[in-house]
Amino acid sequence: MDNKFDFQEDKIVNELNNRKTKLALLQLPEGLKKEAIRLVNYFENNTNSEIIVSGETCWGGCDLALDEAKNLGVDLLIHYGHAPFMKKVDFEVLYIEIEDKTSIKNLLEMSIKHLKEFKKIGLVCSVQHMHQLEETKKFFENLGKEVIIPKKKGYAYYDGHVVGCEYNSLKLISKDVDAFLVIGNQFHSLGAALSVKNSIYLLDTYNNEVIEMSKLRDKVVKQRFAAIESLKNEKKIGIIVGMKPGQKFGSFKVIKKKFENAGKEVIVITMREMSNDKLINFYDIKAFVELACPRIAVEDHDKYEKTIVTFKEALVAIGDMKWEDLLENGFL
Ligand code: SF4
């Protein structure tokens, strides 16, 4: 059993019993699918519910298994690991956020030397660490610093909460703070570093280290520049429309028309989960704009042989936005 996370088994048992659920679909993030047998046994032994596990990938609250749930005719979708993301969902979903129980005391001590020159710190975290925000705020206030937790905005569900695809809550306070501290993992802190110009520090609870993000940010910015230049030079472009319910970032109609007006051949392609193999099959298309999760183009850059850019980056390639706008206002 994974002792790092709180799976709230008894909360789910109560929900299943109170709702008199007959059949539920259980959705777990990739790293927690190893808990599936234990959880299903626990729920089935303590309720009258039958539980089916979704074997499809699950990367975020954007990635609800609604089609599977409807196809199976279940009464309830249990979605583990993320806060609600989509504004409207036409299905019963029970979101179970998982607290990371690892103490951050040691990491906070380690971070003092990194943050000593900053007087005002913006503080955010991924959903697993929401319960550690106040402790962290007090820790730095006791050291004489001002700590600001930004109000929720965009897809953030709580004040101080960040998801990987937009950082509008950080942008709100970026001029009021000297640096941001992100509790969580590299995914969220890199996103922050690509969104605001402040120094970004990660309290990395997975590797027990404090990391300043500018080196990785600079490397990724160079990759993004090269990807945009590469797309500009291609005659044939594929626009990938994501089929996951919450992953709709940008209009294919807008981009298609703009590229066609620039004399390019364009096709629009649907994909539920992108992969290198799927793109290779479109053998005469060397560059794609993806309108699914914007982190696929950024994070999975090295996994793909072909060029992939985000909606915003496509606007730069077409001349509707300047490269400097991305640097100034953020890639996400
Ligand atoms: S970063 Fe991507 S996977 Fe995560 S919530 Fe946003 S769209 Fe979903």
Side-chain angles (χ1 to χ4, degrees), residues 27-33 54 56-68 77 79-89 91 93 95-98 100 124-130 150 152-158 160-171 180 182-196 200 202 206 213 216-217 220 223-224 239-252 270-275 288-304 308-314 326 330-332:
Q27 206 183 5
L28 289 155
E30 295 320 285
L32 299 179
K33 284 193 166 69
S54 169
E56 295 298 326
T57 53
C58 174
W59 303 111
C62 59
D63 202 352
L64 295 177
L66 298 176
D67 288 349
E68 289 165 65
L77 171 61
H79 181 92
Y80 255 115
H82 309 107
F85 181 89
M86 293 159 62
K87 304 282 178 239
K88 280 189 192 158
V89 180
F91 202 83
V93 182
Y95 293 90
I96 302 291
E97 296 157 16
I98 304 181
D100 185 336
V124 293
C125 66
S126 56
V127 74
Q128 296 83 359
H129 299 281
M130 287 306 304
K152 65 179 176 181
K153 192 165 166 58
Y155 291 116
Y157 194 68
Y158 304 106
H161 170 219
V162 281
V163 292
C165 39
E166 58 88 17
Y167 290 80
N168 287 316
S169 61
L170 279 76
K171 291 178 186 179
F180 280 99
V182 181
I183 312 172
N185 58 29
Q186 187 176 288
F187 180 74
H188 292 99
S189 56
L190 174 61
L194 291 168
S195 301
V196 291
I200 306 287
L202 166 65
Y206 297 84
M213 296 304 299
L216 182 57
R217 177 195 184 272
V220 171
Q223 288 173 348
R224 303 323 307 152
I239 299 176
I240 299 170
V241 179
M243 289 289 104
K244 297 198 173 185
Q247 292 191 9
K248 306 267 181 278
F249 292 86
S251 157
F252 72 83
T270 60
M271 267 182 215
R272 179 157 176 82
E273 185 85 22
M274 281 175 62
S275 74
F288 296 83
V289 181
E290 62 102 350
L291 307 181
C293 168
R295 297 301 293 273
I296 296 169
V298 175
E299 210 75 9
D300 295 345
H301 173 269
D302 294 342
K303 288 190 194 161
Y304 288 93
I308 307 173
V309 305
T310 64
F311 180 74
K312 271 191 185 178
E313 291 166 346
L326 291 180
F331 289 74
L332 296 166

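When a ligand or atom number is given, it counts from 1 through the structure's own listing order. Everything numeric in this text was worked out from a predicted model, so none of it was measured.
- Remark: Y80 pairs with F7 by the ring pair (Phe, Tyr, Trp, His ring centres under 6.0 Å) rule, at least two apart or across chains.
- Shortest non-hydrogen contact noted between A297 and R224 is O-NH1, 3.1 Å.
- Taking 4.0 Å as the cut-off between side-chain N and carboxylate O, K244 and D67 do not count as a salt-bridged pair.
- Ordered by chain and number, C165 SG make up the set of protein N, O or S atoms under 2.8 Å of atom 6 (Fe) of ligand 1.
- The F249 neighbourhood of ligand 1 comprises atoms 7 (S), with distances under 4.0 Å to a heavy atom of that residue.
- Of the N and O atoms on the side chains of Y158 and E97, at least one donor lies less than 3.5 Å from an acceptor on the other residue.
- A side-chain donor-acceptor contact under 3.5 Å links S126 and Q128.
- Under the side-chain contact (heavy atoms from CB on, under 4.5 Å) test applied with M213, the options L194, V182, L202 reduce to a single match, L202.
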